[in-house]
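Please read the structure below before turning to the comments.
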Amino acid sequence: MLIFDSGAGGLSFLKIINKRMPNIKYIYILDNEAFPYGNKTELFLIERSIKIINIIKKKYPITIVVIACNTVSTVALSTLRKKFNFPIIGIFPRIKAAEKITKNKIIGLIATKRTINSSYTQNIIYKKSSCNIIKVIGTNKLALIAEKKIRGLKFSKISLANIFKPWNQVQKKPDTIILGCTHFLLLKKEIKKILCTPYIYFIDSTEIPLLQIKKYFAKFNKNQIIQKNIFFYSEYNKELRELLFFLKQYDFYTIQHIIIN
Ligand code: DGL
């Protein structure tokens, strides 16, 4: 299984996959050279994903790809599925799930600007049930805060508060929040604190891709072609060095550089 993201978000999703399906072996691509994906064009993200899959496909027999990133999933998944003949699983903001849970009928959706502006997201917002209100925040700054948190670095509480200002300034805050970016899974505690409401339900949208992965491995009962977990990064820099300690909790056999161009 190949799994990729621009950074720490995909790793937090991988942790959940590992917990549920500990026997799956994987190649993780940390495309940190292109971080943040949220400020890239759709074309860049489509081409980048094709490059990542093709590079790995040449070296390893990939049988399934997991895009551990809402930004790439919303803009590129349909193109990628047409291009490659193995299953490609994505992660998408789940408004339907939030609609079932919200009590005050106010749903918050927070994601990167690219995800919010994608036609996929615009379409699901448009189709929402009429009794619900969706309050949207499109931000490319929250992923940066998540990157700091995963490294154990300090981050500005003021920047965090500024991101959530649109929800904090109104009297009725969302009681159900869709975390439309895998990076945000790392910040549930901080978001709860900044919104000063004890009753918030988070939808992290991992449930459907988890089921799809499980179903795939159950159906095909694939023998794991990859015997050890491999970690590739696309840029060696200070931030990557800071992440190495955190990576110890994953069972990566090798950590290597990969050129994506
Ligand atoms: N983790 C990604 C997502 O789910 C991308 C964040 C970024 O690189 O901007 O959208």
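Since the model is a prediction, treat every value here as computed from it, not as a measurement. Whatever order the structure lists ligands and atoms in, that order sets their numbers, starting from 1.
The protein heavy-atom contact nearest to atom 9 (O) of ligand 1 is G38 N, 2.8 Å. Remark: minimum distance from atom 6 (C) of ligand 1 to any protein heavy atom is reached at H183 ND1, 3.6 Å.
A salt bridge is absent between K40 and E47; no separation between the charged side-chain nitrogens and carboxylate oxygens falls under 4.0 Å.
Relative ring orientation between F231 and Y28 is described as parallel, the plane-to-plane angle staying below 30° on a 0-90° scale split at 30° and 60°.
Within ligand 1, the atoms closer than 4.0 Å to a non-hydrogen atom of F35 are 8 (O), numbered from 1 in the order shown. Within ligand 1, the atoms closer than 4.0 Å to a non-hydrogen atom of S6 are 5 (C), 6 (C), 7 (C), 8 (O), numbered from 1 in the order shown. For ligand 1, the atoms closer than 4.0 angstrom to any heavy atom of C181 are 1 (N), 2 (C), 3 (C), 4 (O), 6 (C), 10 (O).
Using a 3.5 Å distance cut-off with no hydrogens or angles, the side chains of T71 and T112 do pair a donor with an acceptor.
Contacts of N70 with ligand 1, taken as heavy-atom pairs under 4.0 Å, involve both backbone and side chain.
Using a 4.0 angstrom heavy-atom cutoff, N140 does not count as in contact with ligand 1.
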Inset, instruction - Kindly determine whether R20 and E207 satisfy salt bridge (charged side-chain N to carboxylate O under 4.0 Å, His left out), including the steps that lead there. - result: CA-CA 11 Å; R20 293 265 195 106; E207 221 37 61; 3.1 Å; yes
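Annotation: K188, atom NZ; neighbour count of heavy atoms from other residues, nucleotides and ligands within 6.0 Å is above 12.
D175 contributes a side-chain N or O that, together with a main-chain N or O of N104, makes up a donor-acceptor pair within less than 3.5 Å.
With F92 as the partner, the side chain to side chain contact (heavy atoms under 4.5 Å, CB included) test is satisfied by one option alone out of I208, T121, L77: L77.
Residue T115 has no N or O atom closer than 3.5 Å to an N or O atom of ligand 1. Ligand 1 has no N or O atom lying under 3.5 Å from any N or O atom of T112, backbone or side chain.
In the candidate list C69, G9, A146, C69 is nearest to atom 5 (C) of ligand 1, counting heavy atoms.
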